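Predicted model, so just to flag it, every value in this text is computed and none were measured. Counting starts at 1 for both ligands and their atoms, following the listed order.
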Amino acid sequence: MIHEILPVGMLQCNCSIFGDEATHEAIVIDPGDQIDEILLVLARHKLTVKAIVITHAHIDHVGGAAKLKAATGAPVCMNAKDQELYDGLEMQAAWLGMEPPDRTDVDSPARDGDSLTLGQTSFQVLHTPGHTQGSISLWIPGENKLIAGDTLFRDSIGRTDLPGGDGRQILSSIHTKLMALPETAVVIPGHGPNTTIGREKARNPFLQGL
Ligand SMILES: [Zn+2]
């Protein structure tokens, strides 16, 4: 499996590009910005985008979804509980002093328990609310990898002081959904360096005493 992680945009959101060598299909997760560079990576590996998955509707994660969809024709998958946040994309842009990017329709809801397949590999949707109400994580058992969005970081967790945030709920999501995964699972957070479930279980200061 091809997996490239591209930190994009002003807030350096980790955009993940997964590609299957046999089918040449790709799943792009969190194309927040720098769509031209994402398209170059796809072209370099001769990949066709099958799905665009959004972990949550903050502008740094979803900002380039419309542009990537226009360029590839791939459907956008996002949890419906973040639609309201996505509808407020212009307002999010204003908070950051950015030009508002185009918005698009969400094609598929990314509900808890849904899964996408890329070649032989399944990408399982875990609804992990707390950072936002529609936050999801993607568990890829065949790769032993978790795409955590802004729910879990190395040594930290997602902020819960923005609209739709809930501090108790994010801890419950992490405890019940993420800490249940294998300790060896590699976590790719929405920002910053990778980690593992085991490392965060042992050392993340926000998760001690859970
Ligand atoms: Zn966020």
Side-chain angles (χ1 to χ4, degrees), residues 5-17 27-35 38 51-69 76-104 106 109-112 123 125-139 145-178 187-195 200 204-207:
I5 302 170
L6 226 64
V8 295
M10 179 166 80
L11 299 173
Q12 294 282 282
C13 161
N14 286 326
C15 169
S16 269
I17 300 165
I27 290 178
V28 179
I29 305 164
D30 286 354
D33 202 347
Q34 295 177 234
I35 299 308
I38 293 169
I52 299 165
V53 182
I54 306 302
T55 62
H56 65 290
H58 282 154
I59 192 167
D60 51 326
H61 295 257
V62 75
K67 190 171 173 186
L68 185 61
K69 181 176 166 179
V76 172
C77 313
M78 186 183 88
N79 190 275
K81 291 201 164 147
D82 264 9
Q83 186 63 50
E84 203 179 315
L85 264 182
Y86 191 41
D87 292 341
L89 198 65
E90 290 77 8
M91 195 165 52
Q92 293 189 48
W95 290 339
L96 292 170
M98 288 170 58
E99 280 293 307
D102 287 343
R103 257 189 301 140
T104 186
V106 174
R111 291 167 299 221
D112 189 61
F123 288 60
V125 175
L126 307 175
H127 182 218
T128 47
H131 176 63
T132 65
Q133 288 306 298
S135 281
I136 61 162
S137 303
L138 284 172
W139 168 231
K145 282 180 179 171
L146 176 79
I147 304 294
D150 283 358
T151 298
L152 179 64
F153 299 106
R154 184 178 170 108
D155 291 327
S156 191
I157 63 173
R159 59 189 288 186
T160 53
D161 57 330
L162 296 170
D166 183 322
R168 275 172 185 270
Q169 199 181 29
I170 196 171
L171 286 173
S172 164
S173 290
I174 292 169
H175 187 57
T176 60
K177 300 274 181 66
L178 305 188
V187 178
I188 296 102
H191 304 266
N194 291 356
T195 182
E200 295 318 301
N204 188 313
F206 295 89
L207 306 181

Determine all donor-acceptor pairs shorter than 3.5 Å in which one atom belongs to a side chain in residues 92-101; sequence neighbours excluded.
from, atom 1, to, atom 2, distance (Å)
Q92, OE1, I59, N, 2.7
Q92, NE2, A57, O, 2.9
Q92, NE2, L85, O, 3.1

Do V28 and V53 make a side-chain contact, defined as non-hydrogen atoms from C-beta onward lying under 4.5 Å apart? no
Do H58 and T132 touch side chain to side chain, with heavy atoms closer than 4.5 Å? yes
Protein N/O/S atoms closer than 2.8 Å to the Zn ion (ligand 1) number 4
Report yes if some heavy atom in the side chain of P129 is under 4.5 Å from a heavy atom in the side chain of K81; otherwise report no. no
Less than 4.5 Å apart, any side-chain heavy atom of D112 and any of V125? no
Is it true that T128 and S137 share a donor-acceptor pair across their side chains at a distance under 3.5 Å? yes
